[in-house]
Amino acid sequence: MSRVQLNPPQRAAVEHLDGPLLVLAGAGSGKTGVITHKIAHLIASGYQAERIAAVTFTNKAAREMAARVGQLVGRQRASGLQISTFHSLGLRLLREEREAAGLKRGFSIFDADDADKLLADLLGRDAELRKLARITVSRWKSALISPTRAVTEAEDDREASLARAYSEYQRHLGAYNAVDFDDLLYRPVELLREDPALAERWQNRFGYLLVDEYQDTNGAQYELFRRLTGPRAAFTVVGDDDQSIYAWRGARPGNIADLSRDFPHLTVIKLEQNYRSCGHILTAANRLIQGNERVYDKNLWSALGAGDRVRILACDDEADRVVSEMVSHRLRTGGQPGDYAVLYRSNQQARAFERVLRERNVAYRVSGGRSFFDRGEIRDVIAYLRLLTNPDDDAAFLRIVNLPRREIGPATLEQLGRYAGERGLPLFAAARGIGLSGRLGERSARRLGDFVEWAADLMMRSESEAPDSLVRQMLADIDYRAWLRDTAANRQQGERRAENVDEFVAWLGRHSEDDRGQPASLETLVGKLGLMDLMEREDRQDAAQVQLSTLHAAKGLEFPHVFLAGIEEGLLPHQNSLDEDNVAEERRLMYVGITRARRSLTLSYCRQRRRGRDLVDCQPSRFLEELPVDELDWPGKRRDNDDPEARQARGRAHLAGLRAMLDSE
DNA sequence: CTCGCGCGCCTTTTT
DNA sequence: GGCGCGCGAG
């Protein structure tokens, strides 16, 4: 928090140690500051750092929080703090309770892709069915429904067959010595529920729990939290139900309301002073969100002055218009490109803005995109590492056994699969034995044998050698670079892939020591990788670049000047949400967008929009009508008390805009 | 069964 | 404007 002083409710939230606390933190109300100050306060009050756990939803948020706490209390005193995502916390519990969980050393974490491949094996090629199965299995786990329960409670044939697939899927995960993302919550909860001694041990381990973005917790996360906090209920959760925008991926905003049921002594503190936005922007936000039914009513206020009115633009060419406004605004005020953001509902809307920004040579960056750890070449290397630490990981085995080509083809693998199935062996172990069975031709057997021998040697060496040099050696052995070059669509792509791999190996090198300077084992590193998030390197906000972002990806960010684009019926609220009768979540999305703006906010909509080949008429969003019309600058819309000064100001701005457009041609 | 072409449709995304 | 799926043909 940049302010040294806490305001009274913030201070109350920080100093409240007696019993469970829910902090309802409005947008821009300094909630991260409250959490970090609270951690500092806990340490000052005698809590040992290693007995404080703070939980966030993304690795990025966890990293930022750790950095801010470090600044506040000093790295020395902050060391040992457990600041992590729910999933990392679950992983840590599973690691330490590995035997109770029935897992072997080095167990793998399956990502969505691995899970999908496994389901494909179980269900065949029907993509629709697979997708349904993936979603259903994930829902069941998030709701803590076991395979057995899913099978017995199935209401129709379809559900019963999905439940059987779920059961098979879990069985296979077990055979692979693997867990999936949902298991990182589901299985710890299972352990805590079924083993009272274990539960007590973990409850004693953490003297105090803090949860950020509490409105985004799903059923399993809530249960993990509840079982870790135990009867002592020494916790602070911070959230804003008005910013709950992830119901579609399992978040249960109802968890906020349920807290006071599960913890009758819950104290609730509201943070309503906003330190981010000017008055007009907040008035618009408050008015809009009042359109939703809410359990806890909040009213944000700001001491920053009224600021500019919220502008609304009706456009013919929206991207062109918005960029023109942005450019002219910047010329008038002398700001940086990074002061501006264009926010929209769906990714595809970015394209038009990208085009115009490129044409005018304005630097920009776009939210989202493929994650570094999601790229094929990186996933390949990770599969190798997974196999080295967990020889039972059949998914990893299959991914790399013939990559680069070792002439171990489908026929060989089919034989191997059959052999393994008969003996109940993982593929790698089976591959070590099959050579003597006479099932494979001499050549195939030799190729498979060579691979297995090579891998086994690496496995042995991984016990003692440093991970990064081992990986370098391994990549040289298989001439991975040549493989990347040969399989790339063009030279450039091959180069880029090779660079990514280099960067990955460098990353391994940087993480080859743990916090205390001890060398990290390959096993530890691979575990970290499973939960590693996107592009650490691209995280920074860049002052030289306009930010293009979806509304979802913009949560938690702020910009001096924000343009919300495509504020139209069908886009925001999105048609699918209208069909599902879920306008409330769309309204919260719009609320999140509005409250990103510090000094100026411009909402735009198109009169007509290309949809495929044809041009369709657009209706301005119902949300625009819900805004306080007296506070808006909406050219073409009648206002009850339109003062001459504002009209003049608009005239001046318009002229400046024209001038800027001419300049920028 | 697999490949290729053409049509049609087109949220949000983390671990 | 691009991607994914479905259908048809080889």
Side-chain angles (χ1 to χ4, degrees), chain A residues 55-63 84-92 94 108-115 124-131 134-135 138 141-142 178-188 212-213 216-218 220-221 224 243-251 319 343-355 366-374 410 527-535 549-556 566 568 570-580 582-583 585-590 592-593 609-616:
Chain A
V55 186
T56 62
F57 276 81
T58 62
N59 288 303
K60 185 180 165 198
R63 261 197 319 273
S84 69
T85 60
F86 270 111
H87 289 82
S88 320
L89 186 63
L91 175 62
R92 183 170 161 198
L94 273 188
S108 298
I109 300 169
F110 271 32
D111 64 18
D113 227 56
D114 302 316
R125 280 179 192 270
D126 187 341
E128 195 76 11
L129 179 67
R130 253 156 60 191
K131 191 167 150 240
R134 204 180 51 217
I135 292 168
S138 179
K141 287 191 187 178
S142 298
V179 296
D180 69 12
F181 282 137
D182 295 313
D183 282 340
L184 294 175
L185 308 170
Y186 175 82
R187 311 237 5 220
D212 191 15
E213 304 280 11
D216 291 336
T217 46
N218 67 25
Q221 284 160 334
L224 179 59
Q243 292 187 70
S244 160
I245 54 176
Y246 285 109
W248 53 271
R249 67 173 196 214
L343 310 182
Y344 37 79
R345 176 67 228 261
S346 70
N347 274 315
Q348 51 180 51
Q349 289 171 259
R351 214 171 319 160
F353 290 98
E354 286 193 72
R355 203 196 66 233
V366 191
S367 73
R370 192 85 170 275
S371 129
F372 180 64
F373 290 92
D374 256 1
K528 223 180 201 172
L529 276 173
L531 295 179
M532 204 50 224
D533 71 335
L534 335 176
M535 26 204 163
S549 171
T550 62
L551 287 164
H552 284 92
K555 191 164 124 189
E568 294 151 33
L571 264 179
L572 187 72
H574 196 274
Q575 189 56 47
N576 296 12
S577 294
L578 291 174
D579 295 343
E580 289 159 22
N582 192 8
V583 182
E585 177 135 323
E586 300 286 311
R587 195 176 279 108
R588 288 192 290 269
L589 258 181
M590 171 104 173
V592 166
R609 198 176 273 279
R610 290 217 98 78
R611 199 162 172 76
R613 267 167 290 290
D614 30 36
L615 212 58
V616 292

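A, B, ... follow the sequence lines: proteins, then strands. Residue 1 opens every chain.
Looking at A:Tyr344, its side chain does come within 3.5 Å of a backbone N or O of A:Ser549 through a donor-acceptor pair. Judged purely by atom type and a 3.5 angstrom limit, A:Arg588 uses its side chain to pair as donor or acceptor with the backbone of A:Ser244. A donor-acceptor pair is defined here as one N or O able to donate and one able to accept, closer than 3.5 Å; such a pair exists between the side chain of A:Thr56 and the backbone of A:Thr58.
Relative to the side chain of A:Ser577, the nucleotides B:dT14, B:dT12, B:dT11 differ in distance, and B:dT11 lies closest. When distances run from any side-chain atom of A:Arg351 to the nucleotides C:dG2, B:dT15, B:dT11, the shortest one goes to C:dG2. Counting only heavy atoms from C-beta on, A:Glu580 has its side chain closest to B:dT11 among B:dT11, B:dT12, B:dT15. Comparing B:dT11, B:dT13, B:dT15 by their closest approach to the side chain of A:Arg249 singles out B:dT13. Side-chain atoms of A:Gln348 lie closest to B:dC10 of the nucleotides B:dC10, C:dG2, B:dT13.
At whole-Å resolution of the value, CG in A:Asn347 and P in B:dC9 are 21 Å apart. Protein atom CG of A:Asp216 is 17 Å distant from nucleotide atom P of B:dT12, rounded to whole Å. Atom CD1 in A:Ile245 sits roughly 11 Å away from atom P in B:dT14 (whole-Å rounding). To the nearest angstrom, P of B:dT11 lies 14 Å from CG of A:Leu589. Rounded to whole Å, the distance from CZ on A:Phe86 to P on B:dT15 is 14 Å. Summarising the geometry, the separation between CG on A:Leu578 and P on B:dT12 is reported as 16 Å, rounded to the nearest angstrom. Atom CD in A:Glu213 sits about 13 Å away from atom P in B:dT14, given to the nearest Å. The distance from atom CE of A:Met590 to atom P of B:dT11 is 20 Å, rounded to the nearest whole Å.
Between A:Thr550 and B:dT11 there is no side-chain polar atom (N or O) within less than 4.0 angstrom of OP1 or OP2.
Annotation: ring pair (Phe, Tyr, Trp, His ring centres under 6.0 Å) contacts of A:His552 (sequence neighbours excluded): A:Tyr246, A:Trp248.
Counting non-hydrogen atoms under 4.0 angstrom, A:Gln221 reaches nothing in the nucleic acid.
For the pair A:Tyr246 and B:dT13, the ring geometry does not qualify as stacking, because the centroid separation below 5.5 Å and plane angle under 30° are not jointly satisfied. Applying the 5.5 angstrom centroid cut-off and the 30 degree plane-angle cut-off, the aromatic ring of A:His574 is stacked upon the base of B:dT11.
Comparing B:dT12 with C:dC5, their P atoms sit 16 Å apart, to the nearest whole Å.
B:dT11 shows a glycosidic angle within 90° of 0 and is accordingly assigned syn.
In summary, the side chains of A:Glu586 and A:Asn582 do not present any donor paired with an acceptor at a separation below 3.5 Å, with no hydrogens or angles considered.
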